[in-house]
Novice: 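Take a look at the following structure, please.
Only a predicted model underlies this, so the values are computations on that prediction, with no experimental measurement involved. We name chains A, B, ... by the order of the sequence lines, and we start the count at 1 in each one.
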Amino acid sequence: MGYNFNAIEQKWQKYWKENKTYRVIENGDKEKFYVLNMFPYPSGAGLHVGHPLGYIASDIFARYKRLNGFNVLNPMGYDAYGLPAEQYAIQTGQHPAITTEQNIKRYREQLDKIGFCFDWEREIRTCDPEYYHWTQWAFIKMFNSYYDNKENRCKPIEKLVEKLSKEGSAGVDAACTKEIEISAQQWNSMSWKEKEETLMNWRIAFLNETMVNWCPKLGTVLANDEVVDGVSERGGYPVVQKKMKQWCLRVSAYAQRMLDGLDKIDWTESLKETQRNWIGRSEGTEMQFHVKESDTVFTIFTTRADTIFGVTFMVLAPESELVAKLTTEAQKNAVEEYIDRTKKRTERERIIDRNVTGVFTGSYAINPITGEEIPVWVSDYVLSGYGTGAIMAVPAHDSRDYAFAKHFGIEIRPLIEGCDVSEESFDAKEGIMKNSPTATFSACKLKLNGLTVKEAIAATKKYVTENNLGRVKVNYRLRDAIFSRQRYWGEPFPIYYKEGIPCPVPEECLPIELPDVEKFLPTESGEPPLGHAKIWAWDSVNNTICDKEKIDNKTIFPLELNTMPGFAGSSAYYLRYMDPRNHTAIVSEKADNYWQNVDLYVGGTEHATGHLIYSRFWNMFLHDIGVSVKEEPFQKLVNQGMIQGRSNFVYRIKDTNTFVSYNLAKDYDVTPLHVDVNIVSNDILDIEAFRSWRPEYANAEFILENEKYVCGWAIEKMSKSMFNVVNPDTIVEKYGADTLRLYEMFLGPVEQSKPWDTNGIDGCHRFLRKLWNMFFDKDDNLCISNNEPTKEELKSIHKLIKKTTEDIPSFSYNTTVSAFMICVNELSSLKCNKRAILEQFIILLTPFAPHICEEIWEALGHNTTVCDAKWPMYNEEYLKEDTITYTISFNGKARFTMNFAADAGKEEIESSVLANENTKKYLEDKPVKKMIVVPKKIVNIVF
RNA sequence: GCGCCUGUGGCGAAAUUGGUAGACGCGCCAGACUUAGGAUCUGGUGUUUUGCGACGUGUAGGUUCGAGUCCUAUCAGGCGCACCA
């Protein structure tokens, strides 16, 4: 019978389930270890062979840690809310709740076949009210918090109210939408409604009317990370800018902390760099410019304060409120026309078409240092969302300003010695300053001539600050996250509207469950589907949801119609796994203190600027309000690479039904066609399978080479349309889960992207069969001896113990698998059947191939699961060599080898090498300058 | 444009602090056992040469007794950010 993997795997999967082998409970006696995978959203296509890569890698780590005595949390769940799940439902014309349920079921079946050690009792689903209770709860907490810049943490909004009523805005240094100045008196005389409207300026979760990424096709707004190159990440539909009132999260308040936190966590440098870029810290100066013949003052932001003498025009973003203020009667028509034109362009059009456009407002600003009059223009190359939406333009030292100045014929005034600005601007922040104004502006005390750019920036900053012309300012590219979606399939907001003011429902009334609606499709105009819900009003007397028709705006109010975006549910799920069935808190203090944060997080790099930013923000917020003990949620992060598909092609001769083999195809006029990789083996086409694959190929003719049809191939994305999808179920059926696990790891480094190629899998399968045959004879009888192991056998197994113990923590799984293969080859050529050796081998292999190890472990007479075995220790004694071969080299060129006893000293080796006949012959009369002995490796004689 | 990463056989890939390449697996070649084999086992397999040997880690230099590894320049591929002032 031999190695019957199907029976073995079914048996043990059933055993694990029935005996709850992988259930984990908080246990203070054991050290904890928290392993986590980014949970999947259950798509309709099911798993392909690339998905489990990360799960297998972390499963191995989890099992390894468990064998080393740790209490390991390794949970799994589903990110079931959000656009992908909903789009799939829409495409198949079903209710998302139904498709989600189906897809989860299918995912679970596929996952179960691979033999993971997930504790399924802790499973969570983001669309489960029990779960999103705490998403809504966190939102209310954010609504009721503000960020104190001085203390660098968020605090309850009541503290802010207290300050406002005592000191007004003067006492407030907090993250805000815009700077507001009010006195305590003004605040205290405000109505409830006015106060609420004012507080929106500081809340962490706030309602704001801003320009948003509107995607008409998806019928919803999108966050910045959901828009790529001006089209939606999901579906690739055009995105336009639109002013809308939306819920936002004040992520930007945490920008500096998120930046600083990166130094404390163990992520790859490239991922940290991506986040640093996304946060986009830039240190500069804000300066105030007065407008000529007007009271208006406006502020600009620049990183090049040193170039203040080179300013020859100012530019406002078209969306800026200043435009209307500064436009003169004479220019009114031209400006309005320009703004109309820019509004109509989508983000994408603006990216593609970079022609210089702009219009003069008619106004002049006064240079705060020189008093010079500078024309103010409007142009869409200035962004309203960054800095202050207004810039001072220095065409000599900024390429965008340069293009603008050239186009409109504005003066270009170079400020750096020796730079040539006749063809292009000089953007580099280097050189010696020149052209500071002298006689003309004698009042000006700022002299920059002769300074380096760096010194000049510092000097200008100092001057500006001391003379109250502006201030030093740090700007971040990171924007606040837009948190509303005009979609059905998401968490409803726990918010009702009283006199148009949003009010959170009482915490004890959570969760507010997603209502049933007749029509859940999104609309192009942006009417949220929850508008169709009948039972969707808030009865503030009985604290319950009630029929919409009862709304009287006295005690019964309308509820928010938007839903939360996909990242809402995925931002704190790792906390919930610690205590998933807690009805009174997101996580108990006890569980939080025990599990702390995720020790090892495994997932794709595509979440670098989405989920991994939001999660860190969300966790920092929860940390501030005393929920999560750690500030950073994911201590170590490993990005598994993508598994690409390897497509195969057949070559059809044009206008025929004849297919020509790959190497002969160049002689014909052919069309390459994708062919299902599952009917191709080692690039050889299974002709019969091909004929029955599609009716039109039933009578296909072939031109063969060496009596075979050879297919071409290419590396492409794994997808249905390329016919290169490999389903893990097929592999498990044919080779077993243990082989699949081994092979996925053997394929290459976990972090690296690589194509899937089923061909190599035989090697891993052979290894397991070989292993099996070491334990069992042809009649399936255990044939193991209890004899003492030999020195060689001990050496072989201890080499393996050392290798696995060192490699698993560093994720070098591919070399670990190689080490297993080498060890089996060594042991089988030694004809080793010693229990003492093989038993240790089984423990070492358990993380990789748990099913076969359980089976053998049981056959060896153990009545406990191998998952609880003790990881063996290696003994250096066994690894020592008796003799060591040294390479004798002359001036770095190797000539011959010599053997020495392992404990031979340096002197001994040197003298024997010099006394050796070969050495003498080679050296003849050449004097030896020096001799280098590298232990265990080489003796180099330099002459 | 700025930043980060990666370049090693026919293929996936190994290579402690620089220590004298290509482990392991696939594929290929030869042999054995077979009626047969997409089975199993054994041996071989970087290039070049009959052989000794020579040459080989994208390219060109440098440091060193010795470089895949360190330094400089350059090329190619991938990723991130990008009218961010």
Novice: P atom, B/U69 versus B/A73: distance in rounded Å?
Specialist: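 Those two atoms are separated by 16 Å.
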Novice: From C-beta outward on A/Asn825, which listed nucleotide comes closest to its side chain: B/C65, B/G25, B/A85?
Specialist: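 In terms of side-chain proximity for A/Asn825, the closest of B/C65, B/G25, B/A85 is B/G25.
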Novice: Mind checking whether A/His611 and A/His607 have parallel, tilted or perpendicular rings, split at 30° and 60°?
Specialist: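 The rings of A/His611 and A/His607 stand perpendicular, inter-plane angle above 60°.
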Novice: Using a heavy-atom cut-off of 4.0 Å across all strands, would you classify A/Pro749 as base, sugar-phosphate, or nothing?
Specialist: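 Sugar-phosphate contact only - A/Pro749 comes under 4.0 Å of backbone atoms but never of a base.
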Novice: Is the shortest distance from a Lys or Arg side-chain nitrogen in A/Lys461 or A/Glu286 to a carboxylate oxygen in the other one below 4.0 Å?
Specialist: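 Salt bridge between A/Lys461 and A/Glu286, a charged N being under 4.0 Å from a carboxylate O: no.
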Novice: With respect to the phosphate group of B/C4, does any side-chain polar atom (N or O) of A/Arg276 fall under 4.0 Å of OP1 or OP2?
Specialist: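 No, A/Arg276 has no side-chain N/O under 4.0 Å of OP1/OP2 on B/C4.
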Novice: Taking syn as any angle within 90 degrees of 0 and anti as the rest, which one fits B/G9?
Specialist: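 In terms of base orientation relative to the sugar, B/G9 is syn.
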Novice: Looking only at atom P, what distance separates B/A67 and B/G56, rounded to whole Å?
Specialist: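 Their P atoms lie roughly 11 Å apart.
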Novice: If we take the C1' atom in both B/G10 and B/C5, what is their distance in whole Å?
Specialist: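 Those two atoms are separated by 27 Å.
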Novice: With heavy atoms under 4.0 Å as the rule, sort A/Thr887 into base, sugar-phosphate or nothing.
Specialist: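 No contact.
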Novice: Using a 4.0 Å heavy-atom cut-off across all strands, classify A/Ser270 as base, sugar-phosphate, or nothing.
Specialist: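 Sugar-phosphate: the residue A/Ser270, judged by heavy atoms under 4.0 Å, touches backbone atoms but no base.
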Novice: Please check if any side-chain donor atom of A/Tyr614 sits under 3.5 Å from a side-chain acceptor atom of A/Asp225, or the reverse.
Specialist: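 The answer is yes; a qualifying pair exists.
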Novice: Can you tell me, in whole Å, how much space there is between the P of B/C71 and that of B/A85?
Specialist: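 Comparing P positions in B/C71 and B/A85 gives a spacing of 30 Å.
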Novice: Taking the six-membered ring for Trp, are A/Phe841 and A/Phe820 parallel (under 30°), tilted (30 to 60°) or perpendicular (over 60°)?
Specialist: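 Ring orientation, 0 to 90° scale: perpendicular.
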Novice: Over all strands shown, is A/Ile932 touching base, sugar-phosphate only, or nothing at heavy-atom distances under 4.0 angstrom?
Specialist: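 Base contact.
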Novice: With a 4.0 Å cut-off on N to O distance, would you call A/Glu876 and A/Lys880 a salt bridge?
Specialist: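 Not counted as a salt bridge, because no side-chain N and carboxylate O are separated by less than 4.0 Å.
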Novice: Could you check whether A/Ile391 gets within reach of a base, just the sugar-phosphate, or nothing at all, counting any heavy atom under 4.0 Å?
Specialist: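 The answer is base, as A/Ile391 lies within the cut-off (heavy atoms under 4.0 Å) of a base atom.
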Novice: Among B/A13, B/G3, B/A15, find the nucleotide with the atom closest to the side chain of A/Glu273.
Specialist: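 Ranking B/A13, B/G3, B/A15 by closest atom to the A/Glu273 side chain puts B/G3 first.
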Novice: Within the structure shown, what part of the strands sits under 4.0 Å from A/Arg281 by heavy-atom distance: base, sugar-phosphate, or nothing?
Specialist: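 Here A/Arg281 touches no strand at all.
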Novice: With respect to the side chain of A/Gln752, which nucleotide from B/A13, B/A23, B/A85 is positioned closest?
Specialist: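 Among the listed nucleotides, the one closest to the side chain of A/Gln752 is B/A13.
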